[in-house]
Amino acid sequence: DVLLSTPIFYFTVDGAKQLEAKKAEADAKLKEMIQDAVVRETAALESELLILEEQRRQLLASKQCLEQHRQQVDSTHELTKKTIKEKIQAIHHNIDAKECELLDQIHKIEQAKQNQLEEQAEDLQTIQTALSSCIDVLDDTLEIADPYAFLEAAAGPNSQDR
């Protein structure tokens, strides 16, 4: 069908040369279009490559920043753990010191109370000894003396006048 629609002129030597020239011209245009497409595609790829390189650079910078931040967080975490441990040890030390102080105070109070009880026991012993002596003297007196004289003495000096 294409051959039938092709003018006869193209089947001559001049026509063949003209076809050859058109073919060369079309090939040159095609080559130029391909070259333009390659140049545009290369430019687009180079632009994308530049964008990707910039993104890669930004990612590396972000990674370094994150790594530094992670190191700071780790350092702060360790410092905080150490500080908490030191504070807990200080609290334990203070509690132990306060416990010793309170135990010493309790011991002193116990000792003071024990001394006080011993003094009171000694005072009671002295009073008991004095009372026993007094009772013995009274018993001796009652055995020797007239029982009515004791009653008169107990009643007082005014009772003899009656």
Side-chain angles (χ1 to χ4, degrees), residues 23-162:
K23 182 183 176 246
E25 187 180 315
D27 283 344
K29 274 188 179 182
L30 180 62
K31 190 175 185 180
E32 185 180 320
M33 287 172 56
I34 290 173
Q35 195 171 12
D36 286 346
V38 166
V39 168
R40 281 193 308 270
E41 191 64 28
T42 302
L45 287 174
E46 286 175 351
S47 174
E48 286 181 30
L49 181 62
L50 289 174
I51 290 170
L52 288 174
E53 285 177 355
E54 178 62 23
Q55 288 176 345
R56 181 176 179 266
R57 189 191 61 72
Q58 289 174 353
L59 284 174
L60 286 174
S62 294
K63 179 183 174 185
Q64 289 174 345
C65 183
L66 285 174
E67 183 63 26
Q68 288 174 349
H69 184 67
R70 185 190 63 80
Q71 288 173 352
Q72 288 174 347
V73 167
D74 288 348
S75 175
T76 303
H77 174 73
E78 288 301 317
L79 182 62
T80 303
K81 274 176 44 178
K82 182 180 176 186
T83 303
I84 289 171
K85 191 180 268 188
E86 288 172 354
K87 296 288 182 185
I88 288 173
Q89 288 174 345
I91 289 170
H92 282 294
H93 176 72
N94 288 341
I95 288 172
D96 290 344
K98 190 65 175 178
E99 181 182 17
C100 287
E101 180 183 329
L102 291 173
L103 287 173
D104 285 345
Q105 287 178 357
I106 289 171
H107 180 70
K108 287 177 183 176
I109 291 170
E110 284 177 341
Q111 196 65 40
K113 290 292 182 181
Q114 186 175 356
N115 290 344
Q116 196 176 31
L117 286 173
E118 286 174 0
E119 287 174 7
Q120 288 175 352
E122 287 174 5
D123 290 346
L124 288 174
Q125 185 66 35
T126 304
I127 291 171
Q128 182 183 4
T129 304
L131 282 175
S132 291
S133 173
C134 186
I135 289 173
D136 289 343
V137 168
L138 282 175
D139 281 344
D140 291 343
T141 304
L142 287 175
E143 284 179 15
I144 299 174
D146 181 16
Y148 294 108
F150 176 73
L151 289 174
E152 286 176 8
N158 294 337
S159 63
Q160 292 176 357
D161 295 336
R162 290 185 197 172

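Keep in mind that the numbers below use all heavy atoms, side chains included, and drop hydrogens, waters and symmetry copies.
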Inset, instruction - Could you tell me whether Arg56 atom CZ has more than 12 heavy atoms of other residues or ligands within 6.0 Å of it? - result: no
Legend entry - Separation of Ile88 CD1 from Thr83 OG1 (nearest 0.5 Å): 11.0 Å
Inset, instruction - Given side chain to side chain contact (heavy atoms under 4.5 Å, CB included), test Glu78 with Asp74 step by step and report yes or no. - result: CA-CA 6 Å; Glu78 288 301 317; Asp74 288 348; 5.6 Å; no
Inset, instruction - Find out whether Glu99 and Leu103 are in side-chain contact, i.e. whether some heavy atom of one side chain is under 4.5 Å from a heavy atom of the other. - result: yes
Inset, instruction - Find the distance between CG (Leu30) and NZ (Lys23) and round it off to the nearest 0.5 Å. - result: 11.0 Å
Legend entry - CZ-OG1 distance between Arg40 and Thr42, expressed to the nearest 0.5 angstrom: 10.5 Å
Inset, instruction - State whether the number of non-hydrogen atoms from other residues, nucleotides or ligands found under 6.0 Å of Gln35 atom CD is greater than 12. - result: no
Side-chain donor-acceptor pairs under 3.5 Å in residues 104-115, sequence neighbours left out?
{"residue": "Asn115", "atom": "ND2", "partner": "Gln111", "partner atom": "O", "Å": "3.4"}

Legend entry - Any donor-acceptor N or O pair under 3.5 Å, side chains Glu54, Gln58: yes
Inset, instruction - Using a strict 4.0 Å threshold on nitrogen-to-oxygen distance, state whether Lys98 and Glu101 make a salt bridge. - result: yes
Legend entry - Euclidean distance, Met33 CE relative to Lys31 NZ, rounded to 0.5 Å: 15.0 Å
Inset, instruction - Measure the CG-CG distance between Asp136 and Leu131 for me, rounded to the nearest 0.5 Å. - result: 10.5 Å
Legend entry - Approximate separation, where rounding is to 0.5 Å, of Thr76 OG1 and His69 NE2: 9.0 Å
Legend entry - Gln128 vs Leu124 side-chain heavy atoms within contact, under 4.5 Å: no
